[in-house]
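Contents: one structure, followed by commentary.
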Amino acid sequence: MADAVDRPDGLDVEDSVVLDATGLRALAHPVRVQLVGLLRKYGPSTATRLAERLGVNSGTASYHLRQLGAAGFVEEDTERGNARERWWRSVHRTTWFNDPELAEREPEAALAYLQSVTAIYTLRTQQTLNGLQTMPRAWRNTFDMSDWALRLTPEEAAALYRELTEVIAHYRRDAPETAAGAPEGAERVAVITQILPELDAPAASSLPSGPQGAEGSPTS
C-alpha cells in the first residue's frame, strides 16, 4: 500500500513497515514489489515457485529475494527450508509510504516504486475481469469499478482518505495464517483505493454545457 497522508486510527498497523530511504530504494524494482506481494498473499514459498508465478527464472527470483532479505522485507523460513531448498516469508503484512520529504529526496526511487504498485493494481484488476464470467453470480454481483468526480481541497481529500480507511478497518483483514478461521463462504476481496488529484481539470463554470458522463461509471 502506498499513501500520501498519515496512517489512520483504527487500522491494524502493528505488522506494517513504513518505508525509509533504504527500504524505498530496495523496492524500486517491480519484481521485488511483486515478490513481497505474493508472499503476503499466499504465505511462505520458494524462489522456484515464486519464479513460476512471475514468469522469471529462479536465479532472478533468488537474487531479488536476497536483496529484499537484506532490506528487512522478507526472511528465510527455517522451519520449512532444508539443505536443498530455501523457503522465504514476508516480515510484514503491509507497506506504508507516507513521507513527502522522502519522495522529494529520492524522486527516482519513489516514482519507480509507485509505478510498480500501479502496474500490479492494473494486473490484478485485469485478472479479475478475465475470470468474472466464471465466478458464482453472488460474487459477480459484488464486483465494482466505479470512479467519482469530486472537487476538494487538499484537507478535504486527506479527510476522505481517513474516512475510507476507517470504514475498511471495520472488516476482516486477510492473511494466509488467518484464512482458515474466516466464516464459511468468505473469500479474499481486494479493495484498492485511489485518490487521484487532477489539477489540470477546469472549474465547472468553464466547462461547456451538454450531456455529461454519469458519476460512478468506469468512464466518468
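For the residue pair T95 / R40, a side-chain donor-acceptor distance below 3.5 Å is found, with atom types taken as modelled. Judged by distance alone, the side chains of D144 and S146 do bring a donor and an acceptor atom under 3.5 Å apart.
The heavy-atom pair separating H170 from E166 by the smallest distance is CD2-O, 3.3 Å. Shortest non-hydrogen contact noted between W139 and T142 is O-OG1, 2.7 Å.
Between the side chain of R25 and the backbone N or O of A109, no donor-acceptor pair lies under 3.5 Å.
When the side chains of ILVMFWY residues are joined at heavy-atom separations under 4.5 Å, either directly or via intervening members, L39 and I120 end up in a single hydrophobic cluster. Cluster annotation: V36 is not connected to V91 through the hydrophobic network of ILVMFWY side chains, with a link wherever side-chain heavy atoms come within less than 4.5 Å. Residue L102 is grouped with residue V17 when hydrophobic side chains (ILVMFWY) are merged at heavy-atom distances under 4.5 angstrom, including chains of intermediate members. W88 and Y42 fall within a single hydrophobic cluster, where Ile, Leu, Val, Met, Phe, Trp and Tyr side chains are chained together by heavy-atom contacts under 4.5 Å. M135 and L123 are members of different hydrophobic clusters when ILVMFWY side chains are connected at heavy-atom separations under 4.5 Å.
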List the atom pairs, donor and acceptor, that lie under 3.5 Å between side-chain atoms in residues 49-58 and the rest of the protein, sequence neighbours left out.
{"unit_1": "N57", "atom_1": "OD1", "unit_2": "G59", "atom_2": "N", "d": "3.1"}
{"unit_1": "N57", "atom_1": "OD1", "unit_2": "T60", "atom_2": "N", "d": "2.7"}
{"unit_1": "N57", "atom_1": "OD1", "unit_2": "T60", "atom_2": "OG1", "d": "3.0"}
{"unit_1": "N57", "atom_1": "ND2", "unit_2": "T60", "atom_2": "OG1", "d": "3.4"}

In residues 27-35, what donor-acceptor pairs under 3.5 Å come from side-chain atoms, sequence neighbours left out?
{"unit_1": "H29", "atom_1": "ND1", "unit_2": "V31", "atom_2": "N", "d": "3.1"}
{"unit_1": "R32", "atom_1": "NE", "unit_2": "H64", "atom_2": "ND1", "d": "2.9"}
{"unit_1": "R32", "atom_1": "NH1", "unit_2": "A26", "atom_2": "O", "d": "3.1"}
{"unit_1": "Q34", "atom_1": "NE2", "unit_2": "P30", "atom_2": "O", "d": "3.3"}

Without placing hydrogens or testing angles, list every side-chain donor-acceptor pair under 3.5 Å for residues 124-131, not counting sequence neighbours.
{"unit_1": "T125", "atom_1": "OG1", "unit_2": "Y121", "atom_2": "O", "d": "3.0"}
{"unit_1": "Q126", "atom_1": "NE2", "unit_2": "N130", "atom_2": "OD1", "d": "3.0"}
{"unit_1": "T128", "atom_1": "OG1", "unit_2": "R124", "atom_2": "O", "d": "3.2"}
{"unit_1": "N130", "atom_1": "ND2", "unit_2": "Q126", "atom_2": "O", "d": "3.3"}

Would you give me the side-chain donor-acceptor pairs under 3.5 Å for residues 176-196, sequence neighbours excluded?
{"unit_1": "T178", "atom_1": "OG1", "unit_2": "A175", "atom_2": "N", "d": "3.4"}
{"unit_1": "T178", "atom_1": "OG1", "unit_2": "A175", "atom_2": "O", "d": "3.2"}
{"unit_1": "R188", "atom_1": "NH1", "unit_2": "D174", "atom_2": "OD2", "d": "2.5"}

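Partner of W87 under the side chain to side chain contact (heavy atoms under 4.5 Å, CB included) criterion, out of E79, E76, R80: R80 alone.
Scored by the side chain to side chain contact (heavy atoms under 4.5 Å, CB included) test, E101 finds D99, R105 as partners (sequence neighbours excluded). Applying the side chain to side chain contact (heavy atoms under 4.5 Å, CB included) criterion to R89, with sequence neighbours excluded, gives P44, E75, D77.
To the nearest 0.5 Å, atom CD of residue E198 and atom CG of residue L150 are 10.0 Å apart. To the nearest 0.5 Å, atom OG1 of residue T48 and atom CZ of residue R86 are 12.0 Å apart. Here the CG-CZ distance, from L19 to F73, works out to 5.0 Å after rounding to the nearest 0.5 Å.
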